[in-house]
Amino acid sequence: MVGTAVSGQIDLHFDGTVPVERGAVDLDLAWAGGMNSPQIGELDLDQDGLLDLVIFDRIGDRVMTLRNTGGTGTNRYQLTRAYEHIWPFRALHDWVLFRDYDCDGLLDIFSYSQAGFSVYRNTSDNGMLSFELLVFRTECDYVFTDGTFQRSNLFVSADDLPGIADVDGDGDLDVLTFSQLGTFLEYYKNLSMETYGTCDSLTFVRRNACWGRFAENSSTNAVTLNVDCPFNVPAPEIGPGPGGHEIVTDAERAETHSGSTVTPLDLDGNGVMDLLLGDIAYANIVALTNGGTVDNSLMTAEDTQFPSTDVPVDLPIFPAGFHLDVDGDGHRDLLVCASARGLAQNIESVWYYHNAGTDLQPDFEYQQRDLFQSRMLDFGEGANPVPFDHNGDGLMDLIVSNEGYYHPSGNYVGKLALLENIGSSTSPAFRLVTDDYMDLSTSGIGTSMYPAFADLDGDGDKDMYIGDLQGRLHFYRNTATGPVAQFTLVQPNVAYSNGTEIDVGRQATPQFIDLDRDGLSDLVIGEQNGNLNYLRNTGSAAAASWTLITDSLGRVRTVTPYTLGHSVPFVFTNADGAYEILVGSESGTLWHYTGIDGNLGGTWTLQDSSFLDIDEGFRSTVCLFDYTGDGELDLVVGNFDGGLGFWRSDAEVGIGIGTGPGPVTMNIRPNPSTGLVEIMLPGTMSKGSADLIVHSALGQEITRTRVLPGLNSMDLGRFGPGVYTLQVTGFDGLAPTRVVIR
């Protein structure tokens with residue numbers, strides 16, 4: 001049982017600076033949260049003129065932001081959490097591309113929505129990033145063979161990744177996407193320039209049903225060049241304006257193709273768009289060379305081992321290319337990322353090819369297959385942090401289990417990792433000692449192991465239970481003769497006191513806690529269905545014995561309309577000595593319940609299903625311990641992307657909003673600052689909206705902007721060095737706070 005009393009309310013602040021080392025390497029992105037199927041785009045987050053990175057992971061629809069600190073090289077990007085709450089980041093799903101559709105110099109957002117895509121216009125102003133929904137589902141004139149048309153959504157599936165680029169070189173953005181049957185690439189020409197003389201509109205018309213005159217095999221990723229297209233539109237690519245046609249319903253167009261990524265770029269500098277194609281069942285990229293013209297595309301050559309001049313892409317499975325300048329030398333490089341939602345590479349899923357040529361004639365040179373991932377904690381699919389002092393030095397370590405690492409056979413390998421705390425009782429620092437703690441990958445338990453620790457035999461050291469994918473538990477006794485734990489399997493498939501093997505359902509996530517306060521460690525176990533199981537210890541301190549009391553403990557259920565639940569419990573003690581619980585969930589938020597003591601057979605009080613608005617991503621897991629030694633619990637959160645986030649509670653970094661006497665204050669970090677500050681506001685406000693007002697040292701109002709509860713950001717550096725006072729309307733009792741800008 002692990003527990004620490006907390007004083008007052010839990011107030012936490014993300015801290016990505018807690019040191020972590022792996023071998024001789026310091027992981028400066030350690031707490032970024034991992035990546036599985038990333039889509040990487042550029043965006044000026046802080047409005048400083050430098051393009052930062054927004055990394056969208058389609059597994060869990062999670063957004064990670066990396067700030068460009070200037071200079072060259074990929075190490076110029078540093079983790080920031082100041083922008084992840086910007087609307088509509090949390091509303092994006094399936095696929096996201098950043099393109100400047102209206103030529104205003106600000107990158108807009110294209111993202112999947114209902115058999116098509118939405119467009120969010122970048123409305124940033126006065127140094128503040130913002131967006132507005134321009135269109136929920138983009139429409140087009142779908143032209144038929146006879147020249148008639150229907151008005152419908154421009155279809156792109158949730159699994160595909162379309163090519164959005166200026167295909168015809170006229171200055172506005174066009175769209176390339178595979179047809180619904182998946183054989184031919186369709187070209188949707190944007191008529192903004194032709195119609196309005198500007199590029200600020202999205203006026204799409206289907207101008208070619210077989211762009212490039214190639215066909216992809218319906219069963220493989222093989223490509224046939226120079227094919228006939230008898231069902232094409234009249235005068236493809238430059239044809240006349242369409243006429244009229246009856247509407248075809250979505251149901252009639254329901255048979256859809258899923259499984260292609262399209263990256264348009266000019267590979268040979270001849271001024272026409274070539275293609276990089278990825279397929280859902282293959283690990284390679286197919287490059288097609290366009291030997292035609294802007295108005296008459298014709299693919300004349302293919303490279304099935306692209307780039308055949310260097311290390312070819314071999315990224316299981318469903319690779320997608322992203323063409324952007326990640327090293328700051330002015331020439332766009334190539335990133336190739338895994339795009340599948342499962343059965344894909346999950347720790348080496350960002351292949352980086354440096355462009356040693358020019359933007360007009362690129363020369364892509366292989367650099368590495370784990371860009372950014374090599375600088376972070378990434379445990380494959382899933383990261384489940386559990387506190388355990390493995391060496392008895394009084395510093396709490398972390399054991400991190402996972403769902404599994406990718407293996408070429410398709411059989412994932414489940415492991416436990418040891419993050420040893422090499423810091424101090426007030427300043428944690430971690431070292432990754434091993435990614436296969438106790439060699440449990442060879443135990444036969446399989447994937448989705450989840451550990452829990454307690455003294456179950458009365459010998460003074462902590463033993464280990466492992467929950468597994470099938471809902472069973474396995475008992476490992478600590479047989480060490482010294483302070484460093486050593487575990488030996490003594491009972492696979494632990495049974496109840498009546499001899500029946502324990503089986504709580506899929507994804508057993510156990511925690512030991514003396515729930516009934518009788519001096520014995522009981523078990524609270526989460527599972528895939530989102531409920532909690534209570535197994536009472538009816539044995540003794542020297543010999544645990546288990547009796548199932550209920551599979552609906554507290555009536556906890558972390559199920560939402562779109563998720564199964566996947567409850568992961570962590571019971572803790574508050575300042576009054578009472579139990580509370582945080583529960584990780586499939587949705588990614590943390591569920592907070594009180595009203596536990598004296599109510600083990602009743603319904604607990606749900607305080608919040610989105611605790612402190614913390615959302616580290618799909619399938620959250622939770623660990624609480626006072627790592628900073630201030631008497632308050634810190635929080636480590638895991639997610640399905642295989643990473644961790646560290647949330648600290650000590651006042652040293654201005655964690656939050658106090659609950660004692662005196663005015664409530666906003667948390668501003670860093671303070672002093674050179675410009676960019678993060679502003680944490682309370683989770684509730686007295687009015688429907690709030691404004692942040694910045695006053696000069698003379699009391700003059702300099703600027704005013706709308707803010708939301710939780711994390712906000714502002715660049716005060718543009719106002720010059722000095723002392724500024726920040727005041728927020730809409731929060732009762734929230735005191736103004738001074739900020740020093742150097």
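- Residues Ser567 and Val583 approach most closely at CB-CG1, 3.7 Å, considering heavy atoms.
- Between Tyr496 and Trp546, the gap from one ring centroid to the other reaches at least 6.0 Å.
- Residues Thr509 and Pro569 are in side-chain contact: their nearest non-hydrogen atoms beyond the backbone lie under 4.5 Å apart.
- Side-chain atoms of Thr74 and Asp327 include no donor-acceptor pair closer than 3.5 Å.
- Side-chain atoms of Thr17 and Asp15 form a donor-acceptor pair, as typed in the model, at a separation below 3.5 Å.
- In plain terms, the two heavy atoms of Thr589 and Ser610 that are nearest each other are CG2-OG, 3.8 Å.
- Using modelled atom types, one side-chain atom of Thr442 and one backbone atom of Asp439 make a donor-acceptor pair closer than 3.5 Å.
- Residues Ser349 and Gln373 have side chains that bring a donor and an acceptor to within less than 3.5 angstrom of each other.
- If you check the side chains of Asp370 and Gln368, you find a donor sitting under 3.5 Å from an acceptor.
- A donor and an acceptor atom, one from each side chain of Thr538 and Thr547, are located under 3.5 Å apart.
- The aromatic ring centroids of Tyr465 and Phe512 lie less than 6.0 Å from each other.
- Residues Glu580 and His592 have side chains that bring a donor and an acceptor to within less than 3.5 angstrom of each other.
- Using a 4.0 Å cut-off between charged side-chain N and carboxylate O, Asp378 and Arg22 make no salt bridge.
- Side-chain atoms of Asp630 and Ser649, non-hydrogen and from C-beta on, do get closer than 4.5 Å to each other.
- Contact detail for Leu315 and Pro319: the closest heavy-atom pair is O-CD, 4.1 Å.
- Between Cys337 and Gln39, the closest side-chain pair of non-hydrogen atoms is not below 4.5 Å.
- Side chains of Asp468 and His474 form a contact here, defined as non-hydrogen atoms less than 4.5 Å apart.
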Task: Trace of the side chain to side chain donor-acceptor pair (under 3.5 Å) decision for Thr69 with Gln78 - done: CA-CA 7 Å; Thr69 61; Gln78 299 298 324; 5.3 Å; no
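- Considering all non-hydrogen atoms of both residues, Phe372 and Met35 come closest at CB-CE, 3.9 Å.
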- [ ] Please report the C-alpha distance between Arg375 and Asp28 in whole Å, then the side-chain angles of each, then the deciding distance to 0.1 Å, and finally whether the salt bridge (charged side-chain N to carboxylate O under 4.0 Å, His left out) criterion is met.
- [x] CA-CA 6 Å; Arg375 297 162 57 189; Asp28 62 316; 2.7 Å; yes
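- Remark: Lys415 is positioned above the aromatic ring of Tyr405, its terminal NZ or CZ atom under 6.0 angstrom from the ring centre and at most 45 degrees off the axis.
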TODO: Check step by step if side chain to side chain contact (heavy atoms under 4.5 Å, CB included) holds for Leu418 and Ile399.
DONE: CA-CA 5 Å; Leu418 168 60; Ile399 302 295; 3.6 Å; yes
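- Here Arg648 does not pair with Asp634 in a salt bridge; the nearest charged N to carboxylate O distance is not below 4.0 Å.
- Outside the 6.0 Å centre-distance limit, the rings of Tyr353 and Phe364 are not counted as a close aromatic pair.
- Taken from CG in Asp52 to CG in Leu45, the straight-line distance is 4.5 Å, to the nearest 0.5 Å.
- Atoms CG and CD1, on Leu523 and Ile513 in that order, are 11.0 Å from each other to the nearest 0.5 Å.
- Panel note: side chain Asn639, backbone Gly33; a donor-acceptor pair is recorded below 3.5 Å.
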TODO: Begin with the C-alpha distance, continue with both residues' side-chain angles, and end with the deciding distance and a verdict on side chain to side chain contact (heavy atoms under 4.5 Å, CB included) for Val386 and Phe453.
DONE: CA-CA 9 Å; Val386 176; Phe453 301 92; 3.9 Å; yes
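- Counting heavy atoms from C-beta on, the side chains of Leu416 and Met438 never come closer than 4.5 Å.
- To the nearest 0.5 angstrom, Phe611 atom CZ is 7.5 Å from Leu590 atom CG.
- In this model, no donor atom of one side chain and acceptor atom of the other lie less than 3.5 Å apart for Ser424 and Ser427.
- When all heavy atoms of Phe379 and Ala417 are compared, the closest pair comes out as CE2-CB, 3.5 Å.
- The shortest non-hydrogen separation linking Ser443 to Leu440 is OG-O, 2.7 Å.
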Open item on the list: Let's go through Val636 and Leu624 carefully: what are the C-alpha distance in whole Å and the side-chain angles of both, what is the deciding distance for side chain to side chain contact (heavy atoms under 4.5 Å, CB included) to 0.1 Å, and is it a yes or a no?
Closed with: CA-CA 6 Å; Val636 181; Leu624 289 162; over 6 Å; no
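- Between the side chain of Gln511 and the main chain of Val524, no donor-acceptor pair closer than 3.5 Å is present.
- Side-chain contact between Asp455 and Asp463: present, with at least one pair of heavy atoms (C-beta onward) separated by less than 4.5 Å.
- In this model, no donor atom of one side chain and acceptor atom of the other lie less than 3.5 Å apart for Ser37 and Arg341.
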Open item on the list: Run the side chain to side chain contact (heavy atoms under 4.5 Å, CB included) test on Asp393 and Asp389 for me, step by step, so that the C-alpha distance in whole Å, both residues' side-chain angles and the decisive distance to 0.1 Å come before the verdict.
Closed with: CA-CA 7 Å; Asp393 65 354; Asp389 182 5; 3.1 Å; yes
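- A side-chain donor from one of Glu616 and Trp647 sits under 3.5 Å from a side-chain acceptor of the other.
- Under 3.5 Å, the side chains of Thr447 and Glu403 contain no donor-acceptor pair of N or O atoms.
- In this structure the side chain of Ile466 never reaches within 4.5 angstrom of the side chain of Phe487, judged on heavy atoms.
- Checking Leu377, Leu29, Leu432, Leu644 one by one against Val20, the side-chain contact (heavy atoms from CB on, under 4.5 Å) holds for a single residue, Leu377.
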Open item on the list: Between Glu527 and Asn533, does the side chain to side chain donor-acceptor pair (under 3.5 Å) criterion hold? Intermediate values first, please.
Closed with: CA-CA 8 Å; Glu527 58 168 293; Asn533 301 269; 3.1 Å; yes
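- Under 4.0 Å is where a charged nitrogen must lie from a carboxylate oxygen, and between Glu381 and Arg619 no such pair does.
- Not a single donor-acceptor pair under 3.5 Å links the side chain of Ser497 to the backbone N or O of Ser545.
- Counting heavy atoms from C-beta outward, Leu324 and Asp333 have side chains that stay 4.5 Å or more apart.
- Expressed to the nearest 0.5 Å, how far CG of Leu535 lies from CG of Leu548 amounts to 5.5 Å.
- A donor-acceptor contact shorter than 3.5 Å is absent between the side chain of Asn478 and the backbone of Ala485.
- Using a 3.5 Å distance cut-off with no hydrogens or angles, the side chains of Thr488 and Thr479 do pair a donor with an acceptor.
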- [ ] Show your reasoning for whether salt bridge (charged side-chain N to carboxylate O under 4.0 Å, His left out) applies to Asp641 and Arg58.
- [x] CA-CA 10 Å; Asp641 287 334; Arg58 75 186 321 168; over 6 Å; no
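- The backbone N or O of Tyr406 lies less than 3.5 Å from a partner atom in the side chain of Asn346, making a donor-acceptor pair.
- Inspection of the Asp514 and Ser521 side chains reveals no N or O donor paired with an N or O acceptor under 3.5 Å.
- Between Tyr627 and Phe430, the ring planes lie perpendicular to each other; the angle is over 60°, past the 30° to 60° tilted range.
- With a 6.0 Å cutoff to the six-membered ring centre and a 45° limit on the axis angle, Arg517 counts as a cation-pi contact of Tyr579.
- Checked against salt bridge (charged side-chain N to carboxylate O under 4.0 Å, His left out), Glu21 has the following partners two or more places apart in sequence or in another chain: Arg431.
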